[in-house]
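Just so you know, these numbers come straight off a predicted model, no measurement behind them. These values consider heavy atoms only, across backbone and side chains, with no hydrogens, waters or symmetry-generated copies. Letters A, B, ... are given to chains in the order of the sequence lines, protein chains preceding strands, and every chain is numbered from 1.
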Amino acid sequence: MTPAELSAAILRIVTEALARRESAVTVSIDDVLLDRPKNRDHGDWASNIAMKLAKPLGTNPREFAAELAEGITGIEGVASVDVAGPGFINITVDAAAAGRLAKTIVEQGEAFGRSNLYEGVSINLEFVSANPTGPLHIGHTRWAALGDSLGRVLRAAGAQVANEFYINDAGNQMDNFGASILAAAKGEPTPEKGYPGQYITDLAAAVLQREPGLLDLDDVSALATAREVGYQLQLGEIKDSLARFNVKFDVWFSERDLHAGTPSSIDKAVERLRAQGHVYDEDDAIWVRTTDFGDDKDRVIKRGNGVYTYFAADAAYYLSKSDRGFAHKIYLLGADHHGYVHRIKAIAGAAGDDPARDVEVLIGQLVSINGARLSKRAGNIIELDDLQAWLGTDALRYSLGRYPADSPLTLDPEVLQRRTNDNPVFYVQYAHARTNAVAKNAAATGVDRSAFAPELLTHETESNLLGSLGEFPRVVHQAAELREPHRVARYAEELAGAYHRWYDNCRVTPMGDEVVSDVHRTRLWLNDATGQVLRNSLGLLGVSAPERM
RNA sequence: GCGCCCGUAGCUCAGCGGAUAGAGCAAUUGACUACGGAUCAAUAGGCCGGGGGUUCAAAUCCCUCCGGGCGCACCA
């Protein structure tokens with residue numbers, strides 16, 4: 001039996017109890033979610049429903065708990081029920097009922113943990129969106145890991161998700177980028193506002209190789225050539241870096257496309273906002289009344305000199321997402337983009353969408369290494385590529401993926417490069433490799449899955465392991481709902497621990513001249529189920545599940 | 001000044017109202033002539049930043065103060 005099935009059964013009993021009292025109080029499945037008590041004396045699962053309902057029902061929580069407990073005792077597979085403390089209902093499940101989960105998981109395979117929470121929901125998930133003026137750094141790397149994992153988790157919850165990268169390839173920074181490359185090609189120092197760093201020198205060399213006549217061109221053409229060729233090379237490197245990092249984008253959206261054509265997407269966007277009545281003219285500029293939607297001041301969308309602001313492109317870009325059929329948009333942005341939140345919400349509102357429902361902006365905090373934050377402009381960046389070469393994709397993705405986005409994070413490079421338990425990715429991967437080794441040894445000694453007798457899974461570590469396995473669907477569900485993929489990593493660590501402890505206590509293969517029995521066969525199911533859930537977990541994190549290490 | 005985020009063990013961090021606040025690392029001590037010891041078992045370590053409040057129940061929710069980070073452009 002799964003926790004979900006037990007919850008459903010309890011819901012029926014609670015509903016009956018309410019009907020007997022002719023109460024107007026209603027309950028849903030979310031009210032009867034079960035906890036796994038930390039203390040094993042409190043049973044396998046615990047419910048606080050009696051305490052929650054005691055007040056609205058005007059009853060004593062312990063008495064109500066006792067009433068419910070009587071009904072719960074009758075649920076098939078429940079071994080015993082106790083009322084404890086202020087009104088907790090502690091439930092112990094019999095070994096056979098709990099153990100059947102192992103077979104369920106093996107049979108469901110990759111599907112175990114998936115749900116239809118977001119069935120039919122189409123989500124645009126934008127993240128990284130780095131300027132194509134330099135390599136990806138540690139900050140981008142964190143969003144790449146978290147964003148990609150979030151996409152996987154949302155898909156597991158049934159959503160249709162497009163990972164999207166917005167390329168900021170219009171604007172002054174591109175000219176500064178081109179000028180920097182051109183200066184490097186000429187052997188001149190970095191221009192003011194230019195980009196320093198070795199990568200510019202390298203790009204200049206690559207540009208010269210592709211355009212040997214670069215320095216013979218007139219200034220305007222040379223700048224344009226340096227900029228465009230450098231841009232393509234740099235963007236290609238970004239794409240390669242992300243692909244190596246196991247991060248796949250479905251859409252690479254160029255800001256230039258918004259500016260192209262007459263009228264351009266931006267022209268049309270401004271007109272659409274104007275038609276909705278949210279645009280006005282003042283001081284030669286065109287403004288959007290974003291204060292109507294919670295912004296602290298109105299924003300200029302077109303300057304007095306006739307040039308659109310960046311905000312205009314943001315608006316057109318937002319509308320493009322809507323036009324492409326994404327009802328729901330998620331933006332994953334760095335902390336330095338905090339000022340965007342109100343503006344994006346305002347655009348949504350001005351476009352006639354519901355800012356609270358259709359747009360989510362997730363602001364992530366900074367990562368630092370060695371206490372020093374890193375800046376592209378300062379030229380002391382740490383690149384994704386360096387980190388990856390140093391730590392490996394799995395360790396890097398996992399290290400960045402196991403923390404919530406909104407907590408500032410300090411990574412210790414000394415610890416990260418150790419291939420030990422300091423980095424929990426190895427702990428989890430080792431558990432998976434171990435399930436594989438156990439299965440192989442089992443086959444060699446004649447243990448197969450020809451029998452399944454779940455009532456034999458009676459050891460305390462087996463009960464714990466089954467309890468942990470049963471939580472996976474809810475963990476995925478929560479991770480999707482809260483946009484917190486790190487929960488999957490934390491769960492995987494707990495599951496790996498439960499597995500290692502089980503491995504230490506319960507053998508799958510017989511030792512010595514012991515004969516193969518149904519205990520061994522049944523444990524093989526449990527072993528394989530654990531391997532499956534570890535694989536599913538690591539898959540959601542974009543981390544490999546090696547068969548051996 | 002205004003807004004958002006953070007403050008939990010020596011360190012890095014989990015813990016979206018539940019029982020005795022957890023993990024890893026660091027420290028101390030044990031377990032391989034039995035499925036890989038990248039493992040397991042155990043000890044020690046906490047006014048959950050301070051103070052109020054709500055609740056049967058607060059690290060968690062509300063208020064306030066203190067400390068740290070980040071934002072508040074006709075920049076991109």
Considering every strand and a 4.0 Å limit on heavy-atom distances, what is the contact class for A/H42: base, sugar-phosphate, or nothing?
base

When all nucleic acid strands are considered with a 4.0 Å heavy-atom cut-off, which category describes A/K38: base, sugar-phosphate, or nothing?
sugar-phosphate

Looking at A/N39 and B/rU20, is any side-chain donor or acceptor paired with a base atom of the opposite kind under 3.5 Å?
yes

Counting only side-chain N and O atoms of A/K297, is one of them less than 4.0 Å from OP1 or OP2 of B/rC74?
yes

Would you mind classifying the nucleic acid contact of A/L409 as base, sugar-phosphate or nothing, using non-hydrogen atoms under 4.0 angstrom?
sugar-phosphate

Does the side chain of A/Y503 come under 3.5 Å of the side chain of A/N527 through a donor N or O and an acceptor N or O?
no

To the nearest angstrom, how far is A/H500 atom NE2 from B/rA41 atom P?
11 Å

Heavy-atom donor-acceptor pair, A/Y340 side-chain to B/rA76 base, under 3.5 Å:
yes

A/F311 near the nucleic acid: base, sugar-phosphate alone, or nothing, with a heavy-atom cut-off under 4.0 Å?
nothing

Can you check whether any acceptor in the base of B/rA41 is under 3.5 Å from a donor in the side chain of A/N505, or vice versa?
no

Below 30° counts as parallel, above 60° as perpendicular, anything between as tilted: where do the rings of A/F293 and A/H278 land?
perpendicular

Of the listed B/rC13, B/rC56, B/rA76, the closest approach to the A/Q173 side chain comes from B/rA76

Under 4.0 Å, heavy atoms only, any strand: does A/A46 hit a base, just the sugar-phosphate, or nothing?
base

Mate of B/rG1 where both pairing distances stay under 3.5 Å, Watson-Crick or G-U:
B/rC72

Side-chain ion pair, A/D295 and A/R343, N-O less than 4.0 Å:
no

If you measure from the C1' atom in B/rG50 to the same atom in B/rC13, how many Å do you get, rounded?
23 Å

If you look at every strand shown and take non-hydrogen atoms under 4.0 Å, does A/Q478 touch a base, only sugar-phosphate, or nothing?
base

Taking atom types as modelled and ignoring hydrogens, do the side chains of A/E493 and A/Y398 form a donor-acceptor contact shorter than 3.5 angstrom?
yes

Need one value for A/R299: base, sugar-phosphate or nothing, where a base atom within 4.0 Å counts as base even if backbone is also close, heavy atoms only.
sugar-phosphate

So A/H486, base contact, sugar-phosphate only, or nothing? Heavy-atom distance under 4.0 Å.
sugar-phosphate

Between B/rA14 and B/rC32 - P atom distance, rounded Å
38 Å

Taking the P atom of each, how far is B/rC25 from B/rA42, in whole Å?
15 Å

A/Y499 and A/W502 aromatic ring geometry - parallel, tilted or perpendicular at 30°/60° bounds
tilted

